[in-house]
K.L.:
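Can you read through this structure? Questions will come right after.
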Amino acid sequence: MSAPSLIIRPAVAADVSGICDLVNGFAARNLMLPRTPQQVHHVLGDFMVVAEEERIVGCGYLARLRAGLVEIRSLAIAESLQGQGIGGELLERLVDAARRRDMRQVCALTLAPEFFLRHGFRRVDRWAISPKIWGECVYCPKFHACDEIAVLRELTP
Ligand SMILES: CC(C)(COP(=O)(O)OP(=O)(O)OC[C@H]1O[C@@H](n2cnc3c(N)ncnc32)[C@H](O)[C@@H]1OP(=O)(O)O)[C@@H](O)C(=O)NCCC(=O)NCCS
């Protein structure tokens, strides 16, 4: 990790409010979807965080969409620490976790496609990740005017 005081680790219950603060700060600017503490608790075992002692400065989690396909959600790095490669390291840790779960593909819906393209993802039609569309996007207020871009990375074993 570029900054020695930072560690990337699986999330624990004490991280929930820090994760919500981080994600909901970006959600308030329409950069990502908001998450409630209940939602985060529900998928806590799938979350990784970047921690600076007690403070959560990065997060992201894996959501299984169908056999072999997993989505990266709620990926965020605190603004003051962006552009130092921390998001890239966290992304690779999530990809490793997906590989360990025998996933063959990792996808994301994002407003920051260039970040993912640098990490081996390619742009795809959003219907390539259709379980996401039917499971979550149809409930989104932006469904008919979605500005997010679907990206996908094939995993080698
Ligand atoms: C996207 C994000 C996680 C990247 O984290 P990071 O720690 O800054 O990532 P890295 O330092 O590893 O890589 C940064 C690179 O990604 C690019 N990038 C980051 N956000 C971008 C965006 N919205 N659009 C285009 N490029 C972006 C930066 O330009 C930078 O490229 P550079 O090194 O050539 O300048 C972080 O910017 C973030 O939290 N953004 C707000 C939330 C968000 O948009 N999440 C997207 C996931 S759905």
Side-chain angles (χ1 to χ4, degrees), residues 1 6-79 81-82 86-113 115-116 119 121 124 126-155:
M1 171 81 53
L6 302 180
I7 57 164
I8 299 178
R9 57 165 174 76
V12 297
D15 301 330
V16 170
S17 67
I19 292 171
C20 289
D21 288 349
L22 185 63
V23 168
N24 293 333
F26 289 117
R29 291 151 56 190
N30 276 331
L31 293 173
M32 58 203 310
L33 292 176
R35 301 286 173 199
T36 64
Q38 290 76 9
Q39 287 171 323
V40 173
H41 264 298
H42 190 63
V43 294
L44 195 61
D46 301 314
F47 255 101
M48 303 280 289
V49 293
V50 184
E52 185 174 43
E53 297 184 351
E54 309 292 295
R55 184 175 160 235
I56 300 304
V57 296
C59 66
Y61 78 99
L62 294 176
R64 184 182 176 281
L65 295 184
R66 64 168 178 245
L69 175 64
V70 75
E71 181 190 1
I72 290 181
R73 292 187 185 164
S74 299
L75 184 71
I77 297 295
E79 198 139 26
L81 292 168
Q82 289 179 8
I86 301 164
E89 282 193 48
L90 177 59
L91 176 62
E92 292 301 334
R93 289 283 290 272
L94 289 165
V95 168
D96 284 345
R99 222 180 249 120
R100 284 197 301 276
R101 292 183 189 184
D102 291 329
M103 294 293 149
R104 294 186 304 278
Q105 295 175 313
V106 184
C107 69
L109 259 188
T110 183
L111 296 174
F115 168 73
F116 287 90
H119 288 273
F121 287 72
V124 291
R126 72 188 53 199
W127 291 104
I129 57 170
S130 56
K132 162 77 176 179
I133 311 293
W134 295 122
E136 209 178 3
C137 296
V138 288
Y139 304 108
C140 176
K142 291 203 293 185
F143 179 54
H144 291 293
C146 178
D147 48 3
E148 297 205 330
I149 291 170
V151 292
L152 183 84
R153 173 166 157 183
E154 308 285 342
L155 299 184

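One is the number of the first residue; the rest follow in order along the sequence. Just so it is clear, the structure is predicted and the values come from calculations on it, not from any experiment.
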K.L.:
Measure across Gln39 and Pro34 and return the closest heavy-atom pair with its distance rounded to 0.1 Å.
P.N.:
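Of all heavy-atom pairs spanning Gln39 and Pro34, the closest is OE1-O, 3.9 Å.
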K.L.:
For the atom pair CG (Leu6) and CD (Glu53), what is the distance rounded to the nearest 0.5 Å?
P.N.:
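Reported value, rounded in 0.5 Å steps: 10.0 Å.
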K.L.:
Just how far is it from atom CG of Leu111 to atom CZ of Phe26, taken to the nearest 0.5 Å?
P.N.:
12.0 Å
K.L.:
Does Arg101 come within less than 4.0 Å of Asp96, counting only side-chain N to carboxylate O?
P.N.:
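Between Asp96 and Arg101 there is no salt bridge, as every charged N stays at least 4.0 Å from the carboxylate O atoms.
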K.L.:
How long is the straight-line distance from CD of Glu54 back to CD1 of Ile56, given to the nearest 0.5 Å?
P.N.:
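If we round to the nearest 0.5 Å, Ile56:CD1 and Glu54:CD are 8.5 Å apart.
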K.L.:
Any non-hydrogen side-chain atom of Phe115 less than 4.5 Å from a side-chain atom of Val151?
P.N.:
no
K.L.:
Let me see the working for Arg73 and Glu148 under salt bridge (Lys or Arg N to Asp or Glu O under 4.0 Å), right down to the final yes or no.
P.N.:
CA-CA 13 Å; Arg73 292 187 185 164; Glu148 297 205 330; over 6 Å; no
K.L.:
Do Leu22 and Val57 have side chains that get closer than 4.5 Å, going by heavy atoms?
P.N.:
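Counting from C-beta outward, Leu22 and Val57 never come under 4.5 Å.
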K.L.:
Which heavy atom of Leu155 sits nearest to which heavy atom of Ala98, and what is that distance?
P.N.:
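Leu155 and Ala98 have their closest heavy atoms at CD1-CB, 4.1 Å.
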K.L.:
Closest approach of Ser74 and Phe47, non-hydrogen atoms and distance?
P.N.:
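The pair with the smallest heavy-atom distance is CB-CZ, 4.2 Å.
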K.L.:
Once you round to the nearest 0.5 Å, how far does OG1 of Thr110 lie from CD of Glu71?
P.N.:
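Going from the OG1 atom of Thr110 to the CD atom of Glu71 covers 10.0 Å.
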K.L.:
Give the minimum heavy-atom separation between Arg126 and Ala150, together with the two atoms involved.
P.N.:
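It is CA-CB, 3.8 Å.
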K.L.:
Would you sort out whether Leu65 and Val70 count as a side-chain contact (heavy atoms from CB on, under 4.5 Å), showing the intermediate values?
P.N.:
CA-CA 5 Å; Leu65 295 184; Val70 75; over 6 Å; no
K.L.:
If you define the side chain from C-beta out and look only at heavy atoms, does anything of Arg104 sit under 4.5 Å from Glu154?
P.N.:
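No - every pair of side-chain heavy atoms lies 4.5 Å or more apart.
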K.L.:
Decide yes or no for Val40 and Tyr61: does some side-chain heavy atom of the first lie under 4.5 Å from some side-chain heavy atom of the second?
P.N.:
no
K.L.:
Side chains of Cys59 and Val50: does their closest heavy-atom pair fall under 4.5 Å?
P.N.:
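When only atoms from C-beta onward are counted, Val50 and Cys59 do not touch, as no gap falls below 4.5 Å.
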K.L.:
What are the two closest heavy atoms between Arg9 and Asp15, and how far apart are they?
P.N.:
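What the structure gives for the nearest pair is NH1-OD2, 2.7 Å.
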K.L.:
Determine, step by step, whether Leu109 and Ile149 satisfy the side-chain contact (heavy atoms from CB on, under 4.5 Å) criterion, reporting the C-alpha distance in whole Å, the side-chain angles of both residues, the deciding distance to 0.1 Å, and the verdict.
P.N.:
CA-CA 5 Å; Leu109 259 188; Ile149 291 170; over 6 Å; no
K.L.:
Are the side chains of Leu94 and Glu89 in touch, meaning some heavy atoms are under 4.5 Å apart?
P.N.:
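SC-SC contact between Leu94 and Glu89 ruled out.
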K.L.:
Taking the side chain as C-beta and beyond, is there a heavy-atom pair between Ile72 and Cys107 under 4.5 Å?
P.N.:
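No, too far: nothing below the 4.5 Å cut-off.
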K.L.:
Considering only NZ, NE, NH1 and NH2 on the basic side and carboxylate oxygens on the acidic side, decide whether Glu79 and Arg29 come within less than 4.0 Å.
P.N.:
yes
K.L.:
How long is the straight-line distance from CD of Gln38 back to CZ of Arg35, given to the nearest 0.5 Å?
P.N.:
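Here the rounded value is 13.0 Å.
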K.L.:
What verdict does the side-chain contact (heavy atoms from CB on, under 4.5 Å) test give for Arg153 and Gln105, after you've listed the backbone C-alpha separation in whole Å, the side-chain angles of each residue and the deciding distance to 0.1 Å?
P.N.:
CA-CA 6 Å; Arg153 173 166 157 183; Gln105 295 175 313; over 6 Å; no
K.L.:
For the pair Asn24 (side chain) and Cys20 (backbone), establish whether a donor and an acceptor sit closer than 3.5 Å, ignoring hydrogens and angles.
P.N.:
yes
K.L.:
So does Ile8 get a backbone contact from the side chain of Arg93, meaning a donor-acceptor N/O pair under 3.5 Å?
P.N.:
yes
K.L.:
How far apart are the closest heavy atoms of Ile77 and Gly87, and which atoms are they?
P.N.:
CG1-CA, 3.6 Å
K.L.:
Counting heavy atoms not belonging to His42, are there more than 12 under 6.0 Å from its NE2?
P.N.:
no
K.L.:
How long is the straight-line distance from CG of Leu62 back to CE of Met48, given to the nearest 0.5 Å?
P.N.:
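It comes to 8.5 Å.
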K.L.:
Could you tell me whether the side chain of Val106 reaches within less than 4.5 Å of the side chain of Leu152, counting heavy atoms only?
P.N.:
no
